[in-house]
Amino acid sequence: MSNTPARSVESERIALKARNVSFSWEDTPLHWVPGDPFTTHTINVLHLLLPAGERWFVHVYKQVLPLIRDDRLREDVLGFIGQEAMHSRAHDEVLPHLREQGLDPTPYTAQVDWFFEKLLGDRTLPPGRARRWWLMERVALIAAIEHYTAFLGDWVLNAAELDRRGADPTMLDLLRWHGAEEVEHRSVAFDLFLHVDGGYRRRARTWATAFSALVFLWQRGIRFFLENDPTLTDPKASLKDFYVRGRQGTLPATGDMLRSVPRYLSRSYHPSQEGSTAQAVAYLASSPAALAAQKAGA
């Protein structure tokens, strides 16, 4: 076990900052990928999952801050907390827009809130070993989840097929701004896990938990959206739909997702081996929302 963060691309480390972005949704249609409600709603699940999940990230990381003995890592974690809090707010602001279009997400978001706040929330445990064990479990879970948020961030930055299909530019900017920041801070959660614990068995076990939970919640979210979409008369969804759109490029390719599993479970894994910091930074330098936030801040 190693408690030293393994930053394998030192030159890529940059100071993380929260960008105070905002988006206007009045011109965004319900099916923001034209003619493709399945792709639209598969990605829309992010708006329901991420606010609660990222609030939970922030809550857990505030508890682990006193355990960080590396000043540079502490700085990275504080930057991560700021970015995740902004991600949660930005996706939360999409929900009123969905309600206005006849799709109330409350029944599903209540389930997601229960999952993060109750099932994965704080527990009444005696101080010492038991309390630390539960904190380390959650730190490891966040590292596993961040592997997939970085994977999705890298995918959406390169998902040119969404542009070719005429996807709504505001929604694409939200997704790519968020995705770029996920790539930008992709090493922080894993480095923190290595610093405070780093046990391989815990990493593998919590990966299985995180992956299973994400698949379960995501497929429930897709079904919820399709069944409650007021414009659909015969909503259907299947794994084949996901696979086909992965082949087309409007969703992540199934093969790419499966190949990401052994990479994370490799003992030599480090998130710096995934994605491109340069690409993420380049997008953030051109994102309409990020540029507006920078101008407002100046």
Side-chain angles (χ1 to χ4, degrees), residues 23-54 87-116 148-149 151-153 155-156 158-179 211-258 289:
F23 300 88
S24 178
W25 298 112
E26 59 265 19
D27 296 326
T28 299
L30 178 59
H31 300 153
W32 54 266
V33 181
D36 193 348
F38 182 82
T39 292
T40 294
H41 290 321
T42 298
I43 299 177
N44 273 346
V45 176
L46 288 170
H47 307 312
L48 310 190
L49 277 177
L50 292 177
E54 289 173 320
H87 297 169
S88 176
R89 193 187 81 179
H91 287 277
D92 245 342
E93 291 175 352
V94 182
L95 303 189
H97 174 66
L98 295 175
R99 292 189 186 96
E100 289 170 3
Q101 295 183 316
L103 213 167
D104 182 7
T106 304
Y108 181 80
T109 54
Q111 297 174 34
V112 176
D113 288 344
W114 177 87
F115 179 81
F116 285 106
Y148 286 101
T149 58
F151 171 87
L152 291 173
W155 171 78
V156 79
N158 294 285
E161 186 62 24
L162 290 174
D163 300 273
R164 285 192 284 269
R165 299 288 180 98
D168 178 73
T170 302
M171 187 64 77
L172 281 182
D173 189 35
L174 166 64
L175 296 171
R176 286 174 174 157
W177 155 76
H178 185 171
F211 183 79
S212 301
L214 287 173
V215 170
F216 174 76
L217 290 170
W218 213 301
Q219 58 86 22
R220 283 181 67 86
I222 297 168
R223 289 210 322 268
F224 173 82
F225 267 123
L226 292 173
E227 290 170 1
N228 290 277
D229 186 321
T231 70
L232 302 180
T233 56
D234 186 25
K236 292 180 181 179
S238 67
L239 287 174
K240 182 180 178 181
D241 292 317
F242 187 91
Y243 176 79
V244 168
R245 283 161 178 79
R247 292 287 301 271
Q248 294 170 343
T250 57
L251 289 176
T254 304
D256 290 343
M257 295 182 68
L258 293 176

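Given the structure is predicted, the values throughout are model-derived calculations rather than measurements. Each residue takes its place number in the sequence, starting with 1.
Taking every heavy atom of both residues into account, His41 and Leu226 meet most closely at CD2-CD2, 3.7 Å. Closest non-hydrogen pair, Ala90 versus Phe23, comes out as CB-CE1, 4.3 Å. The minimum heavy-atom distance linking Phe38 with Ala237 is given by the pair CE1-CB, 3.6 Å. For the residue pair Pro252 and Phe242, the shortest heavy atom distance occurs at O-CE2, 3.7 Å. Closest approach of Trp155 to Thr250, counting heavy atoms only: CH2-O, 3.3 Å.
Surrounding CZ of Arg99 are more than 12 heavy atoms belonging to other residues, nucleotides or ligands, all under 6.0 Å away.
Taking CH2 of Trp32 as the reference point, atom CG of Leu172 lies at 6.0 Å (rounded to 0.5 Å). Summarising the geometry, atom CD belonging to Glu54 is positioned 6.0 Å from atom NE2 belonging to His91; distances are rounded to the nearest 0.5 Å. The CG atom of Leu49 lies 9.0 Å from the CZ atom of Phe115; values are rounded to the nearest 0.5 Å. Remark: Arg164 CZ to Gln248 CD distance equals 11.5 Å, nearest 0.5 Å.
Side chains of His31 and Leu232 form a contact here, defined as non-hydrogen atoms less than 4.5 Å apart. Within the 4.5 Å cutoff, the side chain of Asp229 has no heavy atoms near those of the Thr40 side chain. Between Asn44 and Pro105 there is no side-chain heavy-atom pair separated by less than 4.5 Å. Counting heavy atoms from C-beta outward, Thr39 and Asp241 have side chains that stay 4.5 Å or more apart. Between Thr149 and Leu152, the closest side-chain pair of non-hydrogen atoms is not below 4.5 Å. The shortest distance between side-chain heavy atoms of Trp218 and Leu48 does not fall below 4.5 Å. With a 4.5 Å cut-off on side-chain heavy atoms, Arg220 and Phe216 count as touching. Using a 4.5 Å heavy-atom cutoff, the side chains of Val215 and Met257 are not in contact.
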> So Ile222 and Val45, side chain to side chain contact (heavy atoms under 4.5 Å, CB included) or not? Walk me through it.
Replying inline: CA-CA 7 Å; Ile222 297 168; Val45 176; 3.9 Å; yes
>> Please determine whether side chain to side chain contact (heavy atoms under 4.5 Å, CB included) holds for the pair Leu50 and Asp92, giving the CA-CA distance in whole Å, both sets of side-chain angles, and the decisive distance to 0.1 Å.
In response: CA-CA 8 Å; Leu50 292 177; Asp92 245 342; over 6 Å; no
>> Between Asp256 and Phe151, does the side chain to side chain contact (heavy atoms under 4.5 Å, CB included) criterion hold? Intermediate values first, please.
In response: CA-CA 9 Å; Asp256 290 343; Phe151 171 87; 4.0 Å; yes
> Between Thr170 and Asp27, is a side chain to side chain contact (heavy atoms under 4.5 Å, CB included) present by the stated rule, with each step listed?
Replying inline: CA-CA 9 Å; Thr170 302; Asp27 296 326; over 6 Å; no
> Does the ring-ring contact (aromatic ring centres under 6.0 Å, His included) test come out yes or no for Tyr148 and Phe211, once each step is laid out?
Replying inline: CA-CA 9 Å; Tyr148 286 101; Phe211 183 79; 5.8 Å; yes
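Side-chain atoms of His97 come within 3.5 Å of backbone atoms of Trp25 as a donor-acceptor pair (strictly under, hydrogens ignored). Arg165 places no side-chain N or O within 3.5 Å of a backbone atom of Pro34 that could act as its donor or acceptor partner. Glu227 contributes no side-chain N or O that, together with a main-chain N or O of Phe224, makes up a donor-acceptor pair within less than 3.5 Å. In this structure a side-chain-to-backbone donor-acceptor pair under 3.5 Å is present from Asp173 to Ala289. The backbone N or O of Ser238 lies less than 3.5 Å from no partner atom in the side chain of Tyr243, so there is not a single donor-acceptor pair.
A perpendicular orientation is assigned to the rings of Trp177 and His87, their planes being inclined by more than 60° (bins at 30° and 60°).
Residue Arg245 is tested with Val33, Thr254, Thr42, Leu251 for a side chain to side chain contact (heavy atoms under 4.5 Å, CB included); the sole match is Leu251.
Scored by the side chain to side chain donor-acceptor pair (under 3.5 Å) test, Asp168 finds Thr28 as partners (sequence neighbours excluded).
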